[in-house]
Amino acid sequence: MRTTRVLGQVAALAATALLAFPGAAAADDGEDPKDDAAPTEAGTSFRTATAIRPDQEATAEASTGDYLYWAFPVDAGQRATVHATVKLPDAAARHAASTWQVDVYDGLRRRQACRLGTPKRQAARDAGSVSLSCTLRTVRAWSEQWANDPLPGTYYLRLTVTDLKADDLGLPVRADAKVTTTDAGGAQAVDGALGEPLVPGAGSDRQKPAAATEPEDGWASGWWSSRWLWTAGGGVLAALAGVGGYALTRGSGRPARVPQGL
Amino acid sequence: MITRQRPAAWVIALLAALTAGLVTAGPAAADDDDEPEQPSPKVELVLDVSGSMRARDIDGKSRMAAAKQAFNEVLDATPDEVALGIRTLGANYRGDDRKTGCKDTELLYPVERLDKAGRTDAKTAVATLAPTGWTPIGPTLLKAADDLTDDTAGRSRRIVLISDGEDTCQPLDPCVVAREISAKGIHLTIDTLGLVPDAKTRDQLSCIAEATGGTYTSIRHTDELAGRVKQLVDRAADPVVTPVEAKGAAECTDAPRLKSGLYTDREEFGEHRWYRVDVPEGKELRASVSVSADRAVHQDYGVLLRAETPNGREIVRGQESGDGRTDVISTGLRYPRPEADDMSEDDKYGATETVCLRVSNSFSAPASVKKTPGLPVELAVDLVDSPDEASDVASFGLGHGWWLLGLLVLVGFLAGLVWGWLSRWRFAVWRTN
């Protein structure tokens, strides 16, 4: 009894060893264990953007006037919201109000519109911090090449000050950035799929930038949506209704006029 | 019981060790053969040692003392893979002769990887500095760029300029110098730090930073200085894809043929630049372009990226416009080519179609701003598998929602009724016969 339990443990451990190996082998795809820690730096251009995951609280120390870039993955059917907070420099050191702004760009560096949120806000001279947010349109699995619709892939968040008295340039600030995503549901599911998500450098292995992230469980294959459930459920209900309708025409049991023995 | 359990425990321990070994060995082995060797980044710290560094206004200490303290901390924290050098400006010449004063720049510590002895040597060298002479920023930047230049492509290079006053060696404008250095295509970024800067110093240093895609910081405390320089040196150590130079042509017929990759170029105000990409069938062309505003420009600007056939038919375009303060304006486009058998007759250009890409910008600048070299352009070209053409707006043509359910139930019910009546009618007909 005891031996079998021990043997069971051994088998479980062996299985762990076998499972752990592919996991370790996959680590060279850029998924470092230390990536789980929230980044404390931000990039300064599209090329150097710091990769963050949804729900990660990224922080960065910077100077007023810097352009801070983060990159994050958004998959089809998701609605992403970016939140950024800037802790402004000491009010005593500042001379005037400043205006801060977040911009979101897709994997092709096309600017994306904000459906909701406050992507641009003025901070008063004595304000301690300023919070910005931007909710993107629902990411579609496919769109026509002439459209600017958001597609699955890497998105860039750029945070900067847009209006500033020159005296306040270069003062130290602290920025927080966070991306949250919600599922838009099957109502937004569209047909078609991209050959590859819009990740910069997807076509060549060598040129892949550091910020080429992907969602935690990989990119969605795009075939599943709740539309399958609706349609199948509808089919079942239609069949039931059909049986009901049929039964209605027959009344309960056999017709009264049918003679016995038929 | 216990004696029988022991060997099993050993087996567990052995397996656990094996697992751990495999887990740690896996990524290490992968690092060796998978990662292409990134050339070590080069950083040069350029320190102003002019007379004004004597001013005691950083946390009650002199600017020089603050800089020395920061350098000590930075030299300790520099990552091993970074080759670091130190250059001074205005450290040696005390006299009044402008010509000599403006040549006063010295490579205090050569650009090399720091071992333990190296760090000590560098610190000793910094400790000997005393605030002395002029502020020849322009000439120093030129020399510093020479220090960092070598034949290795794809190396990231960074100059960190720490100064407390504006350049005293006009007419060589350090801002123009910085832009020219940046246009050499050696991936050099200049970050500037102003120590308790006045308005003129700030404008000049921020202009230098802007011209090379660097950052400007104004420093009022010692810890700010050390923290920021450390951050900049660490940034240099981050691996990054370095673009390749591609010189766009004025016509598509002379344009360079680009493959997947990242390219840089320079484009003047209102100039058009052409590039060519060969797109095989079943592949999708993805192109993004960003044009940087590396100098003072008017407040409204834009960029247009057009994909055309060689005979000038526009296939698709990406366009963006903006206003206000910005580092870059960017846009992109994609052009999927279907597989050969799906193509209509008009679409057939052979197995590989040449697509001409045109980059144009609508930046403009006041007359006082120099127009050359052009604005930095970054062009990313990617060829990936083409997508499936969508046959329906909805996912696989499936339905969704209560109206769909209602309709299906209604139709099912009606069908049931009709079927019921039909079978009753058939039964009645059969019975009469």
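Keep in mind it's a predicted model, so treat the numbers as computed, not measured. Proteins come first, then strands; the chains are lettered A, B, ... in the order of their sequence lines, and each starts at number 1.
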Under 4.5 Å from a heavy atom of chain A, the part of [X] involved:
| X | answer |
| --- | --- |
| B:Ala415 | neither |
| B:Arg202 | side chain |
| B:Ser423 | side chain |
| B:Gln319 | neither |
| B:Val411 | neither |
| B:Ala209 | neither |
| B:Ile219 | neither |
| B:Arg317 | neither |

Could you tell me whether a side-chain N or O of [X] sits under 3.5 Å from a main-chain N or O of [Y], the two making a donor and an acceptor?
| X | Y | result |
| --- | --- | --- |
| A:Glu41 | B:Arg235 | no |
| A:Arg110 | B:Gly318 | no |
| B:Ser330 | A:Arg109 | yes |
| B:Asp385 | A:Gly195 | no |
| B:Arg325 | A:Val161 | yes |

Any salt bridge linking A:Asp149 with B:Arg334? Criterion: basic side-chain nitrogen under 4.0 Å from a carboxylate oxygen.
no
So, A:Arg158 and B:Thr326: side-chain donor and acceptor under 3.5 Å apart, yes or no?
yes
Could you look at [X] and say if it's the side chain, the backbone, both or neither that has a heavy atom under 4.5 Å from chain B?
| X | answer |
| --- | --- |
| A:Trp223 | both |
| A:Leu248 | side chain |
| A:Ser225 | side chain |
| A:Leu198 | both |
| A:Ala166 | both |
| A:Pro197 | backbone |
| A:Glu144 | backbone |
| A:Ala42 | backbone |

Enter the distance from [X]:[atom1] to [Y]:[atom2] here, rounded to the nearest 0.5 Å.
| X | Y | atom1 | atom2 | answer |
| --- | --- | --- | --- | --- |
| B:Tyr335 | A:Trp146 | OH | CH2 | 8.5 Å |
| B:His400 | A:Leu229 | NE2 | CG | 9.5 Å |
| B:Leu407 | A:Leu237 | CG | CG | 12.0 Å |
| A:Glu196 | B:Leu383 | CD | CG | 11.5 Å |
| B:Leu408 | A:Thr231 | CG | OG1 | 8.0 Å |
| A:Leu171 | B:Ser218 | CG | OG | 4.5 Å |

Taking every non-hydrogen pair under 4.5 Å, which of [options] racks up the most with chain A?
| options | value |
| --- | --- |
| B:Val418, B:Thr331, B:Leu193 | B:Thr331 |
| B:Ser206, B:Ser290, B:Ala199 | B:Ser290 |
| B:Ser395, B:Gly416, B:Gly412 | B:Ser395 |
| B:Leu333, B:Leu414, B:Asp238 | B:Leu333 |

Measure across [X] and [Y] and return the closest heavy-atom pair with its distance rounded to 0.1 Å.
| X | Y | result |
| --- | --- | --- |
| B:Thr217 | A:Ser63 | OG1-OG, 2.7 Å |
| B:Arg286 | A:Val199 | NH1-N, 4.2 Å |
| A:Asp66 | B:Arg228 | OD2-NH2, 2.9 Å |
| A:Thr44 | B:Asp327 | O-OD2, 4.3 Å |

Flag side-chain contact, heavy atom, 4.5 Å: A:Phe46 against B:Val328:
yes
Check this for me: B:Trp419, atom CH2, are more than 12 non-hydrogen atoms of other residues, nucleotides or ligands nearer than 6.0 Å?
no
Does CH2 in B:Trp425 sit with more than 12 non-hydrogen atoms of other residues, nucleotides or ligands closer than 6.0 Å?
no
Mind ranking [options] by heavy-atom pairs under 4.5 Å with chain B and telling me who comes out on top?
| options | value |
| --- | --- |
| A:Asp106, A:Leu169, A:Val236, A:Val243 | A:Leu169 |
| A:Ser143, A:Ala141, A:Ala62, A:Gly43 | A:Ser143 |
| A:Thr162, A:Asp191, A:Thr249 | A:Asp191 |
| A:Ser45, A:Ala187, A:Pro172 | A:Ala187 |

Within the 6.0 Å centroid threshold, strictly below: B:Trp403 and A:Trp230
no
